[in-house]
Amino acid sequence: MKVIFLATITITLFALMGPAQVNAVCELHFVSFMQSFTSSLEAAIPYRRSLQVLSSRGDNSDSVSSQSNSTSSSTLNLPSDGLKTKNGVPFGFLPDVSAQTTMAEINEAVGMSPASTYGWYAQITGSSWDGSQLLSQKQDIIDSKAVLIPAVMPTVDMSAIDSNVASQVASVLKQFTDEGVEVWLRFAHEVNYYITSGTYHGDVDSYQTAWANIAAAVEDNPKIKMFWCPNWADASSLAEWFPKNSSTVDIVGMDAYPKSQQTFDQVYGSFYTAFAEEYNKPFAIGETGPGIGDDTLKEYWLKQIAEVDVQKYPLYVAGCWFEYYKGYDFRIIMSQSSSIVSETKTEFLS
């Protein structure tokens, strides 16, 4: 429209002024137009790049509809018939490894749609990694048809996560994606906490390098998404841990275990604004549960997750519950009273 408008002005000016004057005026308008166009293009590039990242990793759509909760779920290959909370957000569990719980058992106990997400833990303890902790669950994961969210934890120094180790991680995960499993790789989850606690070793710089190596190793596999997931903290303190190359991040989330009755806004609001909205990334809950052993609190917190207004959080695409007994009972399904299971199921869509 601007070009047509400028052409109209030019014709009019030729009728009123000489060619030299017209050329000067046109040059001025053209420079102004190009400055405006360039500014608009530069503003659009980050948003466009975000869509391209999803597209290169398996999104067959090139529409801006990935801004919404429902369409983000489809571009991330979440199961369309999987379990969802009341607000329509896909939901799943981390089965308790110590109890040898399978997702098949959880799905049977829920008795509704099968879990949409499947969380599991695995540690990198040396210069070689065979992924045995993940592969031990391979058939259950495949049968579940859920998105696998493996928390791959480097307990060696971050500097040891070189391209060789990264390629081993990519190779193990390919064994799942070759079977049709969608993978959201939660590499070095809760890094801001685990480095200070001594579970991880290194610093911000070595973590940044390790993340980049892992991301490079899996970038050619469209069924693997890189899921950045620190521990609950003030958003400003997390900025240094956010990968320097934001295009290597496909999904953002934050692990949180509230110890009192807090709202979804209070727990996730500032993080969502700082990272999901700022970088136009889908937001998912990698793991969560109550921060203390309290049945009332865990049902309250589930309700917060299940009923939060997704119009306010349109990039919120999935959740995953820590279905463990570990020190105290985080579980909301397995080995629970009939009243707790019934209350839990009221937060799921039938």
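In this chain, residues are counted from 1 in sequence order.
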Taking all heavy atoms of [X] and all of [Y], pick out the closest pair and write down the distance.
X	Y	value
I332	K298	CG2-CD, 4.2 Å
D81	S113	O-CB, 3.4 Å
A276	F283	CB-CB, 4.0 Å
F271	G253	CZ-O, 3.1 Å
G88	L349	CA-CD1, 4.0 Å
M158	A188	CE-CB, 4.0 Å

Do [X] and [Y] share a hydrophobic cluster, counting only Ile, Leu, Val, Met, Phe, Trp and Tyr and linking them when any side-chain heavy atoms are less than 4.5 Å apart?
X	Y	result
V341	L297	no
I340	L94	no
Y300	V308	no

Do any N or O atoms from the side chain of [X] and from the backbone of [Y] form a donor-acceptor pair under 3.5 angstrom?
X	Y	answer
Y328	G291	yes
D162	V165	yes
K345	V110	yes
Q168	W129	yes
S342	S339	no
S116	L83	yes

Side chain to side chain, [X] and [Y], heavy atoms closer than 4.5 Å:
X	Y	result
Q208	P243	yes
F176	I141	yes
V147	P79	yes
I142	K138	yes
D140	W120	no
I292	Y257	no
V249	W211	yes
S127	N164	no

[atom1]/[X]: more than 12 non-hydrogen atoms of other groups inside 6.0 Å:
X	atom1	result
E108	CD	no
K86	NZ	yes
K145	NZ	no

Test log, rule side chain to side chain contact (heavy atoms under 4.5 Å, CB included), inputs T209 and N213: CA-CA 6 Å; T209 300; N213 288 337; 3.8 Å; yes
Derivation of the side chain to side chain contact (heavy atoms under 4.5 Å, CB included) call for I161 and F187: CA-CA 11 Å; I161 310 301; F187 173 70; 4.0 Å; yes
Parallel, tilted or perpendicular: rings of W301 and F264 (30°, 60°):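 If you compare the ring of F264 with that of W301, the planes turn out parallel.
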Aromatic ring pairing F91/F348, orientation class (parallel under 30°, perpendicular over 60°, tilted between): tilted
Could you measure the distance from the [atom1] atom of [X] to the [atom2] atom of [Y]? Nearest 0.5 Å is fine.
X	Y	atom1	atom2	value
Y268	I305	OH	CD1	5.0 Å
L238	N231	CG	CG	8.5 Å
T248	W228	OG1	CH2	11.0 Å
I251	L315	CD1	CG	11.5 Å
T117	F93	OG1	CZ	8.0 Å
T101	M334	OG1	CE	5.0 Å

side-chain contact (heavy atoms from CB on, under 4.5 Å) involving P114 - partner list, sequence neighbours excluded: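 P114: side-chain contact (heavy atoms from CB on, under 4.5 Å) contacts with N107.
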Which residues share a side-chain contact (heavy atoms from CB on, under 4.5 Å) with Y325, sequence neighbours left out: D96, D329, R331
E182/K225 salt bridge by N-O under 4.0 Å criterion: yes
Aromatic ring proximity Y194/H189, centre distance under 6.0 Å: yes
Check: Y207 ring centre within less than 6.0 Å of Y200 ring centre: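 No: the rings miss the under 6.0 Å criterion.
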State whether a side-chain donor-acceptor pair under 3.5 Å links [X] with [Y].
X	Y	result
E299	T344	yes
D265	Y313	yes
Y324	E287	no

Derivation and outcome, side chain to side chain contact (heavy atoms under 4.5 Å, CB included), residues T288 and Q304: CA-CA 12 Å; T288 194; Q304 289 296 307; over 6 Å; no
Set of side-chain hydrogen bond (donor to acceptor under 3.5 Å, both in side chains) partners for S159, sequence neighbours left out: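 Counting only residues at least two positions away or on another chain, S159 forms a side-chain hydrogen bond (donor to acceptor under 3.5 Å, both in side chains) with D157.
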Residues L134, Q175; criterion side chain to side chain contact (heavy atoms under 4.5 Å, CB included); working and verdict: CA-CA 10 Å; L134 290 178; Q175 295 184 53; over 6 Å; no
